[in-house]
Amino acid sequence: MLRTCGAGDIDALYADVPPELRLRSPYNLPQALSEPEVRDFFADMDAHCKPLTCFAGAGAYDHYTPAVIDAITSRSEYLTAYTPYQPEISQGTLQYIFEYQSMMASLTGLDVCNASLYDGSTATAEAMVMTVAAGRRRNRVLISATVDPAVAAVAATYASCRGIVLEVIPESDGVTDAAAMAEMLGAGDVAGVIAQTPNYYGILEDFEGWSDRIHAAKALFVINSPASPLAVIRPAAEWGADIAVGEAQSLGMPLNYGGPYLGYMCCTRALMRKMPGRIVGATTDADGRRVFVLTLQAREQHIRRDKATSNICSNQGLMTLHAAVYMSLMGTAGLRRVNELSAGGAHLLARRLEATGRMRLAYPERPFLNEFTVEVADGLTTGQVLRALCDGGILGGVALDERRMTIAVTELRTPEELFRYESIVKTL
């Protein structure tokens, strides 16, 4: 192999890697284990793990996964070619992508949905790139300070490699400063504006009139939202958004230590040729039977590389199927009920925590759904609070700083768990 590469030794092969980043000792690989030994190893590891009741959110939520999903996603009808170029042998894959796209387009109110992206952060970054591709030489994109910092960081990485100027719209009392946005739009050369609802603090933002101002500046409006709340909040299309993106993990996907998750992207018909990925459609074959085909796929995403709008040409197939089965099982009423239960639990917990005198809502005048931000009392830090909750078997939330933290409630949290949370906080 080294001869074929034209390298004299392994050090020559890795000459481009800085010496301080190279491993200078042998790999610490354990001896091989038999299958029973591997099972015992992980069973022992699991026995030492302390399960915690999850009240953490910040983009990933502990929703229920119906048991039937695993059974359906493992059926042979769906285990067809990963890349469905040949529709005659890929009907299972094409059908679930089609159904997923149809349901996501319905949730967002927009015209088309693609075959999926890796996660919500990369979907948002791809939407940013789309606005510039459609912007006719404009390369400035505005992103709200209330967008999840992890999402914003991924967008910033994409921007740094593509000559995009990504500017942050300041926040005011937990929401995007609309006046600051209007002023930044007035400076010109803006291709797109990215905002989020519910935002990083859990607040439902009001985008009334935004699309008029953004479109008057000849820019595009991108809204990021977790997928599940789309069943009950005002959809992106009604806000006048051009692109809707976000994380679909809340559609019953296990937290699973951070992945794999699923990014969704929907847009107006005018933008569909700028979308990365694929669009699957339905048609009829020569015998009049309903069949599924790749209706639109920009080949330049594969072969033009640096000139392409995007080089994302794959899709999260299994997670797309998972989301499609979940939405089909839950239906409109089920998705609404999940969010009603989550919101009811969150508002109950928020009231009871304020009553303890140890916490207060950081943004008491702002509406929220199932996640909210609190400030801890003087003399306490979020680290102290989270450690006490952890000792009591609760993953209490996500620390924003020394005084503020976010708390999320889903339909899985019982009244007993809410009261246990409250009782621990009372003792602090």
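Positions are given from 1 along the sequence. All values below come from the heavy atoms of this structure, side chains included, with hydrogens, waters and symmetry mates left out.
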With the threshold set at 4.0 Å, does a side-chain nitrogen-carboxylate oxygen contact exist between Arg420 and Glu416? no
Which heavy atom of Gly397 sits nearest to which heavy atom of Leu386, and what is that distance? N-CD2, 3.6 Å
Are there over 12 heavy-atom neighbours, none belonging to Phe41, within less than 6.0 Å of that residue's CZ? no
Parallel, tilted or perpendicular: ring planes of Phe292 versus Phe98, cut at 30 and 60 degrees: tilted
Determine whether a donor-acceptor pair (N or O, by modelled atom type, separation under 3.5 Å) exists between the side chain of Gln249 and the backbone of Met253. yes
Decide whether Tyr201 and Glu371 meet the rule of one side-chain donor and one side-chain acceptor closer than 3.5 Å. no
Just so I know, are the side chains of Val141 and Val193 near enough to count as touching, which here means a heavy-atom distance under 4.5 Å? no
Would you give the length of the straight line joining atom CD of Glu171 to atom CG of Asp177, rounded to the nearest 0.5 angstrom? 9.5 Å
Does some side-chain heavy atom of Val245 sit less than 4.5 Å from a side-chain heavy atom of Ile243? yes
Considering all heavy atoms of both residues, which atom of Gly163 and which atom of Asn139 are nearest to each other, and what is their separation? O-ND2, 3.1 Å
Between Phe221 and Trp239, does the ring centre distance come in under 6.0 Å? no
Any side-chain donor-acceptor pair under 3.5 Å between Thr197 and Asn199? no
Any side-chain heavy-atom pair from Val154 and Thr122 closer than 4.5 angstrom? yes
Is there a side-chain contact between Val112 and Cys266, using heavy atoms and a 4.5 Å cut-off? no
Might you work through the side chain to side chain contact (heavy atoms under 4.5 Å, CB included) test for Ile394 and Ile424, ending with a clear yes or no? CA-CA 10 Å; Ile394 291 176; Ile424 293 172; 4.0 Å; yes
Could you tell me the separation between the CE atom of Met327 and the CE atom of Met330, rounded to the nearest 0.5 Å? 11.5 Å
Do any N or O atoms from the side chain of Tyr158 and from the backbone of Glu126 form a donor-acceptor pair under 3.5 angstrom? no
Ala244 to Ala236 - nearest heavy-atom pair and separation: CB-CB, 3.7 Å
Short side-chain to backbone donor-acceptor contact, Thr65 and Gly252, under 3.5 Å: yes
Identify which one of Thr406, Thr382, Val374 satisfies the side chain to side chain contact (heavy atoms under 4.5 Å, CB included) criterion when paired with Leu400. Thr406
Donor-acceptor pair, side chain of Arg140 and main chain of Gly188, under 3.5 angstrom: yes
Say whether, by atom type as modelled, one donor and one acceptor occur between the side chain of Lys50 and the main chain of Asp391 under 3.5 angstrom. yes
Side-chain donor-acceptor pair under 3.5 Å between Glu247 and Tyr264, yes or no? no
Walk me through it: do Val222 and Asp242 pass the test side chain to side chain contact (heavy atoms under 4.5 Å, CB included)? CA-CA 6 Å; Val222 180; Asp242 303 282; over 6 Å; no
Determine whether Leu142 and Leu185 make a side-chain contact, defined as any pair of heavy atoms from C-beta on separated by less than 4.5 Å. yes
Taking all heavy atoms of Val280 and all of Leu94, pick out the closest pair and write down the distance. CG1-O, 3.3 Å
Quick one about Gln196 and Ser144 (side-chain donor to acceptor, distance below 3.5 Å, no hydrogens or angles considered), yes or no? no
When the ring centroid of Phe368 is compared with that of His347, is the distance short of 6.0 Å? yes
Just wondering, more than 12 heavy atoms not from Asp287 lying within 6.0 Å of its CG? yes
Under a 3.5 Å threshold, yes or no: a donor from one side chain and an acceptor from the other, between Glu37 and Ser34? yes
Donor-acceptor pair, side chain of Tyr61 and main chain of Phe55, under 3.5 angstrom: no
Find the distance between CG (Leu349) and CD (Glu354) and round it off to the nearest 0.5 Å. 10.5 Å
Glu88 atom CD: more than 12 heavy-atom contacts under 6.0 Å: yes
Please give me the minimum heavy-atom distance between Arg366 and Val175, naming the atom from each residue. NH2-CG2, 3.4 Å
Pair Ser228, Ser250: side-chain N/O donor-acceptor within cut-off below 3.5 Å: no
Using modelled atom types only, decide if a donor and an acceptor are shared between the side chain of Asn114 and the backbone of Pro276 within a distance under 3.5 Å. yes
Rounded to the nearest 0.5 Å, what separates atom OG in Ser342 from atom CZ in Arg337? 10.0 Å
Residue Glu238 excluded, over 12 heavy atoms near CD under 6.0 Å: yes
Go through the steps for Glu205 and Thr146 under the test side-chain hydrogen bond (donor to acceptor under 3.5 Å, both in side chains), then give the verdict. CA-CA 10 Å; Glu205 295 222 18; Thr146 65; 2.6 Å; yes
Answer whether the closest heavy-atom distance between the side chains of Met272 and Asp111 falls below 4.5 Å. no
With a 4.0 Å cut-off on N to O distance, would you call Asp378 and Arg358 a salt bridge? no
With a 4.5 Å heavy-atom cut-off, do Pro198 and Ile233 have their side chains touching? yes
Going by atom types only, do Asn224 and Thr124 share a side-chain donor-acceptor pair under 3.5 Å? yes
Between Thr93 (side chain) and Ser90 (backbone), is there a donor-acceptor pair under 3.5 Å? no
What is the minimum heavy-atom distance between Asn339 and Leu335, and which atoms define it? ND2-O, 2.9 Å
Any donor and acceptor pair, going by atom type alone, linking the side chain of Gln91 with main-chain N or O of Pro87 inside 3.5 Å? yes
Below 4.5 Å, heavy atoms only, C-beta onward: do Arg352 and Leu418 meet side chain to side chain? no
Between the CG atom in Leu262 and the CE atom in Met104, the distance rounded to the nearest 0.5 Å is 8.0 Å
Donor-acceptor pair, Tyr100 side chain versus Gln95 backbone, under 3.5 Å? no
Take Glu208 and Arg234 through the salt bridge (Lys or Arg N to Asp or Glu O under 4.0 Å) test and state the conclusion after the steps. CA-CA 11 Å; Glu208 192 67 47; Arg234 189 172 176 180; 3.0 Å; yes
Hey, could you give me the CG/OG1 distance between Asp206 and Thr176, rounded to the nearest 0.5 Å? 10.5 Å
Is it true that Arg360 and Glu375 have a side-chain N and a carboxylate O under 4.0 angstrom from each other? yes
Does this structure show an ion pair linking Arg413 with Asp62, if we count only N-O contacts that are shorter than 4.0 Å? yes
Please report the C-alpha distance between Lys218 and Arg138 in whole Å, then the side-chain angles of each, then the deciding distance to 0.1 Å, and finally whether the side chain to side chain contact (heavy atoms under 4.5 Å, CB included) criterion is met. CA-CA 10 Å; Lys218 301 188 185 309; Arg138 296 166 178 250; 3.6 Å; yes
Given the rule in the side chain to side chain contact (heavy atoms under 4.5 Å, CB included) test, do Tyr421 and Ile407 qualify, once you have shown the distances and angles that lead to the verdict? CA-CA 11 Å; Tyr421 196 119; Ile407 302 169; 3.3 Å; yes
